[in-house]
Amino acid sequence: QVQLVESGGGPVQAGGSLRLSCATSGFTLINYCMAWFRQAPGQEREGVASIHARTGNTDYADSLKGRFTISRDSAENTVYLQMNNLKPEDTAMYYCAAARAYGDNTCNLRRPYTYGGQGTQVTVSS
């Protein structure tokens, strides 16, 4: 049974940093595409970053490149999202998501992600 458990969210001041973690279980991480999405109240879900867990190839939302970094630790079955220079507009619930990679060597934010976690709240104050 695929399980994704996010952690690491919380309140932070603008300009600060947070590292979100997504602990995975129930599947072999290197066979999957992993991604982070976020959703603010009243807004649509937005793709943040994705990574092919085996190759390490990544994809980012254009607006977030340079501030956010996705990574994975296959030995720990964990995916991370390092967020730097946070802004109030980054306030949202952040979700981890997974999808089988099959024969693909890259994973982008546009592919359908089958599994999702419960989310972790990030609140950035000015």
Side-chain angles (χ1 to χ4, degrees):
Q1 180 181 356
V2 171
Q3 287 193 323
L4 307 173
V5 180
E6 301 95 335
S7 62
V12 63
Q13 289 191 333
S17 298
L18 282 176
R19 187 176 81 157
L20 306 184
S21 299
C22 174
T24 74
S25 61
F27 62 101
T28 303
L29 183 60
I30 60 171
N31 293 332
Y32 277 70
C33 295
M34 301 298 299
W36 288 94
F37 292 84
R38 68 184 185 183
Q39 189 166 20
Q43 298 188 21
E44 293 187 355
R45 191 182 75 163
E46 174 187 20
V48 174
S50 61
I51 187 168
H52 191 295
R54 177 175 57 82
T55 67
N57 290 326
T58 58
D59 185 32
Y60 292 91
D62 288 341
S63 62
L64 300 176
K65 287 180 181 177
R67 292 197 299 124
F68 288 17
T69 303
I70 189 171
S71 62
R72 87 291 190 210
D73 184 331
S74 299
E76 295 293 329
N77 293 318
T78 302
V79 179
Y80 301 99
L81 183 69
Q82 178 67 43
M83 306 185 295
N84 298 326
N85 190 22
L86 283 160
K87 304 176 181 181
E89 52 264 42
D90 295 318
T91 295
M93 185 72 81
Y94 284 72
Y95 299 92
C96 178
R100 280 290 302 266
Y102 295 104
D104 295 337
N105 290 320
T106 61
C107 301
N108 60 43
L109 289 166
R110 293 181 299 280
R111 90 186 285 138
Y113 283 85
T114 312
Y115 304 101
Q118 294 299 308
T120 185
Q121 176 68 37
V122 173
T123 304
V124 185
S125 60
S126 58

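Rounded to the nearest 0.5 angstrom, R100 CZ and N31 CG are separated by 5.5 Å. Interatomic distance, OG1 of T24 versus CG of L29, reported as 4.5 Å (0.5 Å rounding). Here T69 contributes atom OG1 and M83 contributes atom CE; the two are 11.0 Å apart, rounded to the nearest 0.5 Å. We find the CG-SG distance between L81 and C22 to be 10.5 Å, quoted to the nearest 0.5 Å. Taking OH of Y32 as the reference point, atom CG of N77 lies at 12.0 Å (rounded to 0.5 Å). Taken from OG in S125 to NZ in K87, the straight-line distance is 15.5 Å, to the nearest 0.5 Å.
Ring to ring, F27 and Y115 are not that close: their centroids are 6.0 angstrom or more apart.
The minimum heavy-atom distance between A53 and I30, with the atom names listed, is CB-CA, 3.9 Å. Here the closest heavy-atom approach between residue G119 and residue M93 is recorded as C-SD, 3.7 Å. Across all their heavy atoms, Q39 and R45 have their closest contact at NE2-N, 3.8 Å. Looking at every heavy atom in both residues, T78 comes nearest to S21 through CG2-CB, 4.2 Å. Closest approach of A99 to P112, counting heavy atoms only: CB-O, 3.4 Å.
Side-chain atoms of Y60 come within 3.5 Å of backbone N or O of I70 as a donor-acceptor pair. Between the side chain of H52 and the backbone N or O of D104 there is at least one donor-acceptor pair closer than 3.5 Å. A donor-acceptor pair under 3.5 Å links the side-chain atoms of N57 to the main chain of N105, judged by distance alone. Under a 3.5 Å cut-off, the side chain of D73 and the backbone N or O of A75 do form a donor-acceptor pair. Judged purely by atom type and a 3.5 angstrom limit, E6 uses its side chain to pair as donor or acceptor with the backbone of C96.
Contact check for V48 versus L64: side-chain heavy atoms found under the 4.5 Å cut-off. At a threshold of 4.5 Å between non-hydrogen side-chain atoms, the residues S50 and R111 do not count as touching. Using a 4.5 Å heavy-atom cutoff, the side chains of C107 and Y113 are in contact. Between Q121 and T91, the closest side-chain pair of non-hydrogen atoms falls below 4.5 Å. Residues V79 and R72 meet the side-chain proximity criterion, which asks for heavy atoms closer than 4.5 Å.
Side-chain heavy atoms closer than 4.5 Å link hydrophobic residues (I, L, V, M, F, W, Y) into clusters, and following such links, even through other members, never connects L4 to L109. Hydrophobic clustering (ILVMFWY, side-chain heavy atoms < 4.5 Å, transitive): F37 and V2 are in distinct clusters.
Among N84, N85, D90, the one residue that satisfies the side-chain hydrogen bond (donor to acceptor under 3.5 Å, both in side chains) test with R67 is D90. Shown are F68, Y95, W36, Y80; of these, the side-chain contact (heavy atoms from CB on, under 4.5 Å) with L20 is made only by W36.
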